[in-house]
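Contents: one structure, followed by commentary.
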There are 2 protein chains.
Amino acid sequence: MATLTEVAKRAGVSIATVSKVLSNTPYFTEETRQKVMQAVEELGYVPNLAARALSSGKTFIIAVVFPYVYDTISSDPLMQHILVGIETECSERGYNLLLSTPRLTAEGPDENYQRLIRSGYLEGIVALDNVPISSVLPITRQFNVPAVSIGYGEHDVYIRSDDYGGGHSVMEHIIALGHRYIGIVTVPCELHLSVQQRLQGMTDCAGNAGVEVTAQVDGDFSIRSGAKMMAHLLEAHPELTAVVCINDRMAFGAIQEAHRRGMRVPDDITVCGYDDIPLSALIAPPLTTVSQHAPELGQTATEMLFAMLDGKIPDPVLMPTELMVRQSSAPPASII
Amino acid sequence: MATLTEVAKRAGVSIATVSKVLSNTPYFTEETRQKVMQAVEELGYVPNLAARALSSGKTFIIAVVFPYVYDTISSDPLMQHILVGIETECSERGYNLLLSTPRLTAEGPDENYQRLIRSGYLEGIVALDNVPISSVLPITRQFNVPAVSIGYGEHDVYIRSDDYGGGHSVMEHIIALGHRYIGIVTVPCELHLSVQQRLQGMTDCAGNAGVEVTAQVDGDFSIRSGAKMMAHLLEAHPELTAVVCINDRMAFGAIQEAHRRGMRVPDDITVCGYDDIPLSALIAPPLTTVSQHAPELGQTATEMLFAMLDGKIPDPVLMPTELMVRQSSAPPASII
DNA sequence: AAACAATAGTTAAGCGTTTAACTATATTAA
DNA sequence: TTAATATAGTTAAACGCTTAACTATTGTTT
């Protein structure tokens, strides 16, 4: 691979001049520029990133950190969409994207990750941070790696989906439809900070409307657990007319279980989800759910990171959610 | 961040000695080792990757290249699973994973990608290569970047899922059940090399059994198109008793469309898919499909790449597929 | 015409490693 | 006892780039 020295030789100038031309630092003539560019062209010169990184500190790498806890990339479709947003923004700026999925335990993230942070390879980080037991972010502060948090962990620069508002809006929708016997399928709330918010929004909304949530059970995000929890709910509380799940996958399971029992959705029971993964619009019946605008979440987080790299201190962002009313929700039969 | 020089100073030795100790190059005493390690410990020294990369050429970065054509990461669940396999293998070896999603046109991959390949940043590449119009691999050959192809593009080191065998096995299953009026939902075959194989397997199998495929229509991988093509098929060929889709998402759409028309699956019509994405086992009815073992595909590809980095030349691999018989397939009603 | 400023380019130091070549000491063989 | 060898450590060059400090040239101002 061609180096600066070769380009300089061919163009008949010094390597400093070549470097100046390439980085557009003032003080060279158009003629020099031409000579240099021609040499670059002819040799197919591409700067060596490692050398550039060492010399200037700019690596053009940012890392996406998706901690690996119970779930993550493999199973959560949301990650993909956040990733797409981040990728879009990075590739536009010529940055490369490093994917890090540290194993997270109560003692903190794994060795590999810690070394990576301290290796000087990363210009910045976008990290998912919603796990209460432990966080990937403290170490970034310690070693001054710019980082943006997507989530409710403690960190100064963050973007959060308005989970409280989102939870509030589904519940509001359900209560407005006339439902009074409502079940919630969630996950153990010590697992996930944003789910805590979602849940709080739901129960606050119900409380304010003078409605008491009939029952609340814990699944584990999976379709299967959604079905199982739906079964529990329906057996213990046959009076239920609506069930809200804190993610779409569990809502899929819930609908399946309802169908399995010969119930019609939404005629016999309303089911709502949360996340608005693409499949949600396409199942039968199409699912009423809350969109987090995941790609925008990733994209904005990345914009914030680039702002930090420019020396700015971006304000925290609360991304509004959007209630997607589809056909899985309807007034309770008793009203019609 | 601490550098070698600081460690050397603290341990009272030269930087070369520190480097030797850390890389376990012979000729130092246990005592020296202790002194060095203690200094490393106390200063929290972590080698600067950029410097190491420049000096030794080892960057500890491998890139996963998922070209962005029509579809990709955002929508294809398979990618995720391949990615998981790659990630597992990389993190085990302390390698970092760079995610590259070049825009691919007939003129080849985009500028960013080409620069990345030539930047010296990458020790190797695992690339999805199934698009006939263009490939991300020729440039890796040109610049001697070790690369493993997952797919049917022309490349010497590759791993392929046995699409032909997989296609053959679903068709065999359907014919064995007694179906004689069979429809296929595929995609325009100039889009995807592995789909061509899948299809060939299916038609060869049917041909050998003396069964003629009744109809074949083109969707676009999406659930929606699956439903639409199912509608076409059922209207044009009411005699059909089985429909095979070349991916699971279209099969979901097909099942939905069948349900929408009041048909029962598999009682009135058999529907099979391909890919075995996790959802497939959980929909109603659970889908008969073909598993590609995507994570293993990614993992083996990565093992092959590491073998190349060790100077070996791995043999091409054909990964066997597995027919997953579930409840969406049954003998045609005429037989029962 | 002298003094100064702006422009164009060069030289050389430095980024933090790895590693080949070297020196110094201890050990073994003859 | 000497030479050869193995061991332990050091010195310094190299990787390819950026950039501060410098020199040389040209243009402008007084």
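Residue pairs meeting the side chain to side chain donor-acceptor pair (under 3.5 Å) criterion with at least one member in residues 301-312 of chain A: none, sequence neighbours excluded. Among residue pairs with one or both ends in residues 1-16 of chain B, those qualifying as side chain to side chain donor-acceptor pair (under 3.5 Å) are B:Arg10-B:Glu42, B:Ser14-B:Thr17; sequence neighbours excluded. Annotation: salt bridge (Lys or Arg N to Asp or Glu O under 4.0 Å) contacts involving residues 142-162 of chain B, sequence neighbours excluded, are absent. Residue pairs meeting the salt bridge (Lys or Arg N to Asp or Glu O under 4.0 Å) criterion with at least one partner in residues 122-147 of chain B, sequence neighbours excluded, are B:Lys58-B:Glu123. Among residue pairs with one or both ends in residues 98-122 of chain A, those qualifying as salt bridge (Lys or Arg N to Asp or Glu O under 4.0 Å) are A:Arg103-B:Glu87; sequence neighbours excluded.
Contact annotation for A:Thr29: backbone-only contact, meaning every heavy-atom pair under 4.0 Å involves sugar-phosphate atoms and none involves a base. Nucleic acid contact class of B:Thr5 (heavy atoms, under 4.0 Å, all strands): none.
In this view, A:Glu30 and A:Arg33 satisfy the salt bridge (Lys or Arg N to Asp or Glu O under 4.0 Å) rule, not counting sequence neighbours. Under the rule for a ring-ring contact (aromatic ring centres under 6.0 Å, His included), the partners of A:Phe60 that lie at least two apart in sequence or sit in another chain are A:Tyr95. Applying the side chain to side chain donor-acceptor pair (under 3.5 Å) rule to B:Tyr113 yields no partners; only residues at least two apart in sequence or on another chain are considered.
B:Thr300 places a side-chain N or O within donor-acceptor distance of the main-chain N or O of B:Glu296, the cut-off being under 3.5 Å. Here the side chain of A:Asn96 pairs no donor or acceptor atom with the backbone of B:Leu116 at under 3.5 angstrom. Of the possible donor and acceptor atoms, none in the side chain of B:Ser19 sits under 3.5 Å from a partner among the backbone N and O of B:Ala16. Using modelled atom types, one side-chain atom of B:Ser134 and one backbone atom of B:Thr105 make a donor-acceptor pair closer than 3.5 Å. Side-chain atoms of B:Tyr121 come within 3.5 Å of backbone atoms of A:Thr59 as a donor-acceptor pair (strictly under, hydrogens ignored).
Neither OP1 nor OP2 of D:dA20 sits under 4.0 Å from any side-chain N or O of A:Tyr27. Here A:Arg52 does not reach the OP1 or OP2 of D:dG16: none of its side-chain N or O atoms lies under 4.0 Å away.
Computed from C1' positions of five pairs at each end, the angle between the two local axes of the helix from C:dA1-D:dT30 to C:dA30-D:dT1 equals 40°, rounded to 10 degrees.
Here D:dT18 presents its P atom at 8 Å from CG of A:Leu22, a figure rounded to the nearest Å. Between B:Arg33 atom CZ and D:dA8 atom C1' the separation is 16 Å, expressed in whole Å. In this structure, the CZ atom of B:Arg118 is 17 Å from the C1' atom of D:dC17, given to the nearest Å. Atom pair A:Leu4:CG and D:dC15:C1' shows a separation of 13 Å (rounding to whole Å applied). A straight line from CG of B:Asn48 to C1' of D:dC15 spans 13 Å, rounded to a whole angstrom. Spacing between atom CG of A:Leu49 and atom P of D:dC15 amounts to 18 Å, rounded to whole angstrom units.
Taking for each of B:Thr32 and B:Ala51 the nucleotide of DNA chain D with the nearest heavy atom, the 5'-most of the two is the partner of B:Thr32.
Residues A:Pro132 and A:Asn130 come closest through the heavy atom pair CD-O, 3.5 Å.
The span of DNA chain C lying next to chain B, judged by atoms under 4.0 Å from heavy atoms, is bounded 5' to 3' by C:dG16 to C:dT19.
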Give me the distances for all protein-to-nucleotides 24-28 of chain D N/O pairs that come in under 3.5 Å?
none

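The stretch residues 9-17 of chain A comes close to DNA chain C through A:Val13, A:Ser14, A:Ala16, A:Thr17, each having a heavy atom under 4.0 Å from the strand.
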